[in-house]
Amino acid sequence: MPHEVVVLALDDVVAFDLGVPAQIFGAARDTAGRPLYRVRVCTPDGGPVRTSAGFAAVPDHGPQILATADTIVIAGVHGGSALEEGVLESPVADALARRRPGTRVMSICTGAFVLAAAGLLDGRPATTHWLHAERFRALYPTVRLDPGVLFVDDGDVLTSAGVGAGVDLCLHVIRRDHGSAVANRAARRSVMPPWREGGQSQFIERPLPEPTGASTAETRAWALERLHEPLDLARLARRAGMSVRTFTRRFRAETGLSPAQWLVRQRIEEARRLLETTDLPIDQVAARAGLGTAASLRQHLHSAVGVSPATYRRTFGASAT
């Protein structure tokens, strides 16, 4: 049976945030093409709500469906008492009270204000859009706010930054639930990048490359086919026909990462794919992904997802599905 996701839409809901869960979770399918999630939208009283885009959204459901949700998503808002006064309106509080104990709760953008006003973030790490960080801290001083990251996964409560970070969070949840292969397929179906980790900064500056027509894109594609080989900075720069200094500057401008950071992330992603789709021994997975030894793979994977290669394979490997 598909995992039940319920999006709670409040007055002045951010229209983009409202549509993200249905689009991203709706794109997650198993190998037979069956949907892995069912996404429904409700409001606190079952009536229409205003959106930030100048139109009203009329839900198919009232708050009663929150009682059967496996995951509840609070979309961002541009107003309301949680954002302005640090308290919840009674209908919103009553709606959230319908959820079952242990239900996973997520927020997109300023939806974190609603979770905080409900007391769900007390003493916990969280994030929200950086523009609202000062107000958030003033209203909710007990929350361990980090406004510099894309999303925070604290187990049963997850929060994300603004706009596109909600996409990142939904893909992260799919990856956590079903593995990277399913998440990557969902990303491709939605024509989105498959992975930006939560700790990536909201503030990355990506200036436009100098108008020379040169790009590191071809070199990046070339490197992805050779992750198992030594790929030092000098070799990558030679492949791109640039000096090391120019290549490094342009690479960071185009990706927001240094070449070394980018390579590590791609190698971890390749290792995850191999752990999910093959029965190769751990040391061979490490070698094919370019991470060297099994010990190095364990260190990198634990740093990225918090588990060992063996545990990851048991959870997400083909035999686990």
Side-chain angles (χ1 to χ4, degrees), residues 2-28 35-84 88-89 91-96 98-99 103-118 120 126-132 136 150-152 157-174 186-187 189-192 202:
H3 183 104
E4 292 283 339
V5 177
V6 174
V7 182
L8 179 59
L10 308 178
D11 253 344
D12 293 316
V13 65
V14 177
F16 183 90
D17 297 354
L18 182 58
V20 162
Q23 175 61 48
I24 303 302
F25 286 121
L36 295 169
Y37 299 88
R38 180 170 71 152
V39 182
R40 295 182 291 170
V41 177
C42 75
T43 58
D45 61 2
V49 292
R50 297 184 303 274
T51 75
S52 63
F55 59 84
V58 182
D60 287 339
H61 304 280
Q64 63 275 6
I65 65 170
L66 292 167
T68 60
D70 299 308
T71 295
I72 295 171
V73 182
I74 311 297
V77 289
H78 277 182
S81 64
L83 197 67
E84 296 164 1
L88 282 184
E89 297 97 338
V92 180
D94 293 343
L96 285 174
R98 290 174 175 265
R99 72 186 190 283
T103 300
R104 181 167 60 191
V105 184
M106 300 167 51
S107 67
I108 300 176
C109 194
T110 50
F113 281 77
V114 178
L115 297 188
L120 297 178
T127 193
T128 191
H129 196 296
W130 62 269
L131 276 173
H132 301 281
F136 188 99
L150 295 179
F151 60 83
V152 172
V157 178
L158 303 92
T159 53
S160 69
V163 195
V167 175
D168 295 309
L169 179 57
C170 290
L171 288 171
H172 166 77
V173 168
I174 295 171
R189 188 181 182 97
S190 302
V191 198
M192 297 299 300
Q202 292 188 43

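For reference, positions follow the sequence shown, starting with 1.
Considering CG of Leu10 and OG of Ser81, their distance stands at 9.5 Å, rounded to 0.5 Å. Atom NE2 in His3 sits 10.5 Å away from atom CG in Leu36 (nearest 0.5 Å). Note that the CD1 atom of Ile174 and the OH atom of Tyr37 stand 5.0 Å from one another [nearest 0.5 Å]. Rounded to the nearest 0.5 angstrom, Ile74 CD1 and Leu18 CG are separated by 11.5 Å. To the nearest 0.5 Å, atoms CZ (Phe151) and CE (Met106) are separated by 9.5 Å. To the nearest 0.5 Å, atom CG of residue Leu169 and atom SG of residue Cys109 are 12.0 Å apart.
With hydrogens and angles disregarded, a donor-acceptor distance shorter than 3.5 Å links the side chain of Ser52 to the backbone of Ala15. Looking only at distances, a side-chain donor or acceptor of Asp11 sits under 3.5 Å from a matching main-chain atom of Arg50. The closest donor-acceptor contact from the side chain of Ser160 to the backbone of Ser107 lies under 3.5 Å.
Each of Glu4, Arg104, Arg99 was evaluated against Thr71; a single residue qualifies, Arg104, per the side-chain hydrogen bond (donor to acceptor under 3.5 Å, both in side chains) test.
Closest approach of Gly46 and Pro63 over heavy atoms only: N-CD, 4.0 Å. Residues Ala116 and Phe136 approach most closely at CB-CZ, 3.8 Å, considering heavy atoms. What you find for Asp70 and Pro2 is that their closest heavy atoms are OD2-O, 4.5 Å. The shortest heavy-atom contact between Thr159 and Thr127 is OG1-N, 2.9 Å. When all heavy atoms of Arg189 and Ala27 are compared, the pair lying nearest together is CD-CB, 3.4 Å. Of all non-hydrogen atoms in Pro44 and Val92, the two that sit nearest each other are CG-CG2, 4.0 Å.
Using a 4.5 Å heavy-atom threshold, the side chains of Leu171 and Ile24 count as touching. At least one side-chain heavy atom of Arg40 sits less than 4.5 Å from a side-chain heavy atom of Thr68. Side-chain atoms of Asp45 and Thr43, non-hydrogen and from C-beta on, do get closer than 4.5 Å to each other. Using a 4.5 Å heavy-atom cutoff, the side chains of Val77 and Phe113 are not in contact. Here the side chains of Leu158 and His172 are in contact, with some heavy-atom distance below 4.5 Å. Side-chain contact between Pro21 and Ile108 is present, with heavy atoms from C-beta onward closer than 4.5 Å. Side-chain contact between Val41 and His61: absent, with no pair of heavy atoms (C-beta onward) separated by less than 4.5 Å. Residues Leu8 and Cys42 meet the side-chain proximity criterion, which asks for heavy atoms closer than 4.5 Å.
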Could you walk me through whether Val73 and Val39 pass the side-chain contact (heavy atoms from CB on, under 4.5 Å) check?
CA-CA 10 Å; Val73 182; Val39 182; over 6 Å; no
